[in-house]
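Position 1 is the first residue of the sequence; numbering continues from there. Excluded from the calculations below are hydrogen atoms, water molecules and symmetry mates; all remaining heavy atoms, backbone and side chain alike, are included. From a predicted model like this one, the values you see are computed outputs, not experimental measurements.
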Amino acid sequence: MSSAHRRRLPVALATSFIVLTAACAGAGHQSMQSAPAPGPQAQGEAAAIARARTDSVNHPYTRADVDFMTGMIAHHAQAIIMAKWAPSHGASPAVQTLCARILNSQRDEIWIMEGWLRDRNQPLPVPDTIAMSMPMGSSMQMALMPGMLTGAQMDSLDQARGPEFDRLFLTFMIQHHTGAISMVKDLFASYGAAEDELTFKLASNINVDQSTEIARMRRLRTSLELGVPLSTIPE
């Protein structure tokens, strides 16, 4: 190989390297430009997370929020006991269907409320299904949450069977649900309460669901009063 050819070889290699590098850079730039943007669903989820974090910072929880979550756990716990009696106490199919819905919704809501308290390092209640502590004035006193049944009422429901169980259950659960709705109203009336999205949605859902169930239970109770067997009423 001539000396002149040897001198041209490095120049050619260098030129090839520059061309190859530019091509790679161009390809990389093109690849970066052609990368797909996040889809609407991913963007929506990211925005929801950002809003939730902002909401948490801007709207800290209050004592009323904690009392509502704590009290409603005990309130739901008693309703669950009542609803679980339906199959063993000869309830009509219509009442059993109602009780199944109560069990499903209120168990889920207890799980949500316990998580809310746990996330904020608040103590989880071990609910007494007959009574629990709640604020009254400046001191803590043992009192029933609004609408909750007394021990005597729970005993009478537990002893009832068949149509009598239906009648007492509907009467007592209307009372129970009405109390829960009043707790929601008290929460919304408390200054600064229910500002975070989860608390607001949970309380709103309880209000709507239990109002709907009260209307259903009143219709069933009216049927009983008119002598219409609930076994003939569609579930």
Asker: Could you work out, with salt bridge (charged side-chain N to carboxylate O under 4.0 Å, His left out) as the rule, every residue matching R167, not counting sequence neighbours?
Answerer: E164
Asker: Could you give me the CA-CA distance, side-chain angles and deciding distance for L157 and H89, then say whether side chain to side chain contact (heavy atoms under 4.5 Å, CB included) is met?
Answerer: CA-CA 9 Å; L157 180 62; H89 288 52; over 6 Å; no
Asker: Roughly how far, to the nearest 0.5 Å, is CD of Q175 from CG of L149?
Answerer: 5.0 Å
Asker: If you define the side chain from C-beta out and look only at heavy atoms, does anything of F169 sit under 4.5 Å from L98?
Answerer: yes
Asker: Return the minimal non-hydrogen interatomic distance between A79 and H176, and the atom names on each side.
Answerer: CB-CE1, 3.6 Å
Asker: Compare every heavy atom of V66 with every heavy atom of R63, then report the nearest pair and how far apart it is.
Answerer: NH2-CG1, 2.9 Å
Asker: Just do the side chain to side chain contact (heavy atoms under 4.5 Å, CB included) check on I81 and M154 with the steps written out, would you?
Answerer: CA-CA 9 Å; I81 288 178; M154 289 291 284; 3.8 Å; yes
Asker: So does S105 get a backbone contact from the side chain of H76, meaning a donor-acceptor N/O pair under 3.5 Å?
Answerer: no
Asker: If every non-hydrogen atom of A91 is compared with every non-hydrogen atom of V95, which pair is closest and at what distance?
Answerer: CB-CG1, 3.9 Å
Asker: With Q106 as reference, evaluate Q210, Q78, M72 under the side chain to side chain contact (heavy atoms under 4.5 Å, CB included) test and give the passing residue.
Answerer: Q210
Asker: Not counting sequence neighbours, which residues clear salt bridge (charged side-chain N to carboxylate O under 4.0 Å, His left out) with K201? List them please.
Answerer: E197
Asker: Does E195 offer a backbone N or O that forms a donor-acceptor pair with the side chain of T199 under 3.5 Å?
Answerer: no
Asker: Where do L117 and P125 come nearest, in terms of heavy atoms and distance?
Answerer: CD1-CD, 3.9 Å
Asker: In Å and rounded to the nearest 0.5 Å, what is the CE to CG distance from M113 to L124?
Answerer: 11.5 Å
Asker: Starting from the C-alpha separation in whole Å, work towards a yes-or-no answer on side chain to side chain contact (heavy atoms under 4.5 Å, CB included) for S190 and F68.
Answerer: CA-CA 11 Å; S190 299; F68 174 80; over 6 Å; no
Asker: Using 0.5 Å steps for rounding, measure from the CE atom of M183 to the NE2 atom of H75.
Answerer: 5.5 Å
Asker: Between S88 (side chain) and W85 (backbone), is there a donor-acceptor pair under 3.5 Å?
Answerer: yes
Asker: Can you measure from CE (M217) to CZ (F172) and round to the nearest 0.5 angstrom?
Answerer: 13.0 Å
Asker: Can V208 be reached from L202 by stepping across I, L, V, M, F, W or Y side chains whose heavy atoms are under 4.5 Å apart?
Answerer: no
Asker: Are the side chain of Q153 and the backbone N or O of T150 linked by a donor-acceptor pair below 3.5 Å?
Answerer: yes
Asker: Given side chains that start at C-beta, do those of D65 and L187 come closer than 4.5 Å, heavy atoms only?
Answerer: yes
Asker: Grab the two heavy atoms, one from Y191 and one from T62, that are nearest each other, plus how far apart they are.
Answerer: O-CG2, 4.3 Å
Asker: Where do A94 and R216 come nearest, in terms of heavy atoms and distance?
Answerer: CB-NH2, 4.2 Å
Asker: For Y61 together with W116, are the ring centres under 6.0 Å from each other?
Answerer: yes
Asker: Does atom CZ of F200 have more than 12 heavy-atom neighbours, drawn from other residues, nucleotides or ligands, at distances under 6.0 Å?
Answerer: no
Asker: Could you measure the distance from the CD1 atom of I102 to the CD atom of E213? Nearest 0.5 Å is fine.
Answerer: 5.0 Å
Asker: Enter the distance from I214:CD1 to D209:CG here, rounded to the nearest 0.5 Å.
Answerer: 11.5 Å
